[in-house]
Amino acid sequence: MSEATTNAAKSMDEIMALCKRRGFIFQASEIYGGVNGFWDYGPLGAQLKKNLKDAWWQDTVLTPPDGPDGKPVSIVGLDSCIIQNPKVWEASGHVGGFNDPMVDDKETKQRFRADHLWGFFLHAAPDGSADEFRMIFERAGSDPNFIPLFCCVASASGEAREFVVQNSKKLFKQFKLTVTADPADSDEFAAMTLEQNGQRFIGALAPVTGEALAQSFASIPSPFTHKAGSLTPPRAFNLMFRTYLGATATEDDIAYLRPETAQGIFINYKNVLDTTRVKMPFGIAQMGKAFRNEVTPRNFTFRSREFEQMEIEFFCHPDTTREWYTFWRDTRMAWWRSLGLTGDNLLLREHDTDELAHYAKTGAGTSDIEYRFPFTAPGFGELEGVADRSNFDLTQHAEHARAKLEYFDQERNERYLPHVIEPSAGADRGVLALLCEAFTPDPERASKVYMKFHPRIAPIKAAVFPLVNKDGMPEVGEKLHKELRSRFGMVDFDPKQSIGKRYARMDEAGCPYCFTIDSDTLTDQTVTVRHRDTLEQDRIALDKVGDWLGEKLKA
RNA sequence: GCGGGCGUAGCUCAAUGGUAGAGCGUCAGCCUUCCAAGCUGAAUGUUGAGGGUUCGAGUCCCUUCGCCCGCUCCA
């Protein structure tokens, strides 16, 4: 079909059906009813994904383009473990912040641990006994009917008290409260006596605990704006998969499956520096599995709980981050284009400053390379992110590991912690984009659809067909098949059934070239080559097929 | 996490509460000189799973798993 075939018009259901029918992607554990968020690659899918990863390794690690300074870019490879010392994830901010129920303030975009929320409660002053006081304070914070006047975030009552003392003047003025007894005097209940418009109250500080927070978060004031309505319910953000080291499986043995491959690079940064003679600027590249316990895995393989990343951490002098950021952003964009994502389904999008990740608040910026998947159309979904991570990660690891990670630059005669530009791509998302891009409905052909893979990443590179299964044609075909397979990898040989059926099968598999041996082959030593995209046929010499195919498969 | 829809052969779908079927695909054989041709035959199902009602459940009820869509979320 023409260029006009947009991804919005492609059916994701049909793409998924083809993926299963032809053995690209299967649901994991399908015979047991499946498991949400996990997918297995079948024979063609595994080859397709390997071709993608091989192309990435070749083009970024082994033969990257020249850098912005015109010199060859220096990149080395790495393959670090999925499980690391749990302290790695404390340093990176993945533990701590994301293992406890968290509450977001939708207005200020701030997030805090639910159990760190303290509220200042106000109640009509009781006339009675200390028991009555105690009852009120015990209910404050846990009873959904007790809504705090304002909130703060603190991990202990001391901090919370401090906050109230520090801010009391301003806050009490805001709520027209007059303190009639100093808060510091009321140790037992963290309480104080106040007046508002002539009415007496007891003010009390108490943690806002689960039930109250869960039920009345909408009316609880935000600790940042002191206005109600902007808090989300507490939610568990333990997105890391946990496991235990050793057979005893106690809490002391907890370890995590990595949620990103990046940290494996940062913690090996010094080893690489000390052993490989690289010097600034340089990059470390790694591809491998990462795991995130996503709340809502969806959209086929797009958001999976187990996925594979292809990442470069590129280290450079802080003054050069902008040029390297631009270089990698444009280089990575061009790379995806070179694999066949040539149309306007591919988009480069610079992030606005307010959506930057915690590690990228300052610096050259962040951009996404996005693809218009059929399920995101007319919108786009992220394929790769290119971010300036500044020296955030190295700073964290230097502190937590008490390691010296500074680099001494001989040329500049300067010691510094390098900044990092991170192009981080999703291999599975890449495969999915290649599948969606290749999927081309064509009612004119027998298969009704063909996969228009770029020859470089097509899983099956070529097929060899004897036109009929006799008269010496199979023997010629087998010889050619053997030669092509040894040179190019996955090459199909099929002497069975009608030639049309065989072409149709190769169309669905996305095989770009089919070589057919016919009766003329036996006399003039030529074969026909059938082009997948145009259906045209040429005749070429039998002994030139290998070289011809080799040329076609170059990028 | 909430709401809605859907689960029968590899795929697309049939089957009144009463024997689980068809087409396509796959495989084997024959035939076949360039785009899923034809002929003959074969394999393929705990009807997603588990309970319940019933003499009898693919069909009715409950639970659960999975997929799709819309919200929510996406460090």
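Predicted model, so just to flag it, every value in this text is computed and none were measured. In the text below, chain A, chain B and the rest are named by the order of the sequence lines, each starting its count at 1.
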Taking the inter-plane angle between the rings of A:Y371 and A:F373 on a 0 to 90° scale, is it parallel (under 30°), tilted (30 to 60°) or perpendicular (over 60°)?
perpendicular
Using a cutoff of under 3.5 Å, can you pull out all pairs of nitrogen or oxygen atoms linking the protein to nucleotides 40-47 of chain B, with atom names and distances?
none

Determine the contact category for A:R532: base if any of its heavy atoms lies under 4.0 Å from a base atom, sugar-phosphate if only primed atoms, P, OP1 or OP2 are that close, otherwise nothing.
nothing
Classify the nucleic acid contact of A:Q27 as base, sugar-phosphate or nothing, counting any heavy atom under 4.0 Å across all strands shown.
sugar-phosphate
Students often get this wrong, so: under 4.0 angstrom with heavy atoms, is A:F300 touching a base, only sugar-phosphate, or nothing?
sugar-phosphate
Phosphate OP1/OP2 of B:rC69: any A:R298 side-chain N/O under 4.0 Å
no
Could you state the interatomic distance from CE (A:M473) to OG (A:S519), rounded to the nearest 0.5 Å?
5.0 Å
How does RNA chain B look in dot-bracket notation if pairs are Watson-Crick or G-U with both distances under 3.5 Å, crossing ones as [ ], other-strand ones as |?
(((((((..((((....[..)))).(((((.......))))).....(((((..]....))))))))))))....
So which one's nearest nucleotide on RNA chain B is more toward 5', A:D507 or A:N299?
A:D507
So what does A:R502 hit on the nucleic acid, given a heavy-atom distance under 4.0 Å: a base, only sugar-phosphate, or nothing?
nothing
Is a donor-acceptor contact shorter than 3.5 angstrom present between the side chain of A:S498 and the base of B:rU32?
no
Would you indicate, yes or no, if B:rU32 has its OP1 or OP2 atom less than 4.0 angstrom from a side-chain nitrogen or oxygen of A:N469?
no
Phosphate contact (B:rA36 OP1 or OP2) by A:K448 side-chain N/O below 4.0 Å:
no
Under 4.5 Å between any side-chain heavy atoms of A:T516 and A:R502, yes or no?
no
Classify the side chain of A:Y32 versus the base of B:rC65 as yes if they form a donor-acceptor pair under 3.5 Å and no if they do not.
no
Going by an N to O cut-off under 4.0 Å, is there a salt bridge joining A:R389 and A:E260?
yes
Quiz question: going by heavy-atom distance under 3.5 Å, is there a donor-acceptor pair between the base of B:rG25 and the side chain of A:R22?
no
A:K496 side-chain N/O to B:rG29 phosphate OP1/OP2 under 4.0 Å
yes
With sequence neighbours left out, what residues match A:W39 under ring-ring contact (aromatic ring centres under 6.0 Å, His included)?
A:F300
Using a 4.0 Å heavy-atom cut-off, does A:Q497 contact any base of the nucleic acid, only the sugar-phosphate backbone, or nothing at all?
sugar-phosphate
Heavy-atom count check: over 12 atoms from other residues, nucleotides or ligands less than 6.0 Å from A:K482 NZ?
no
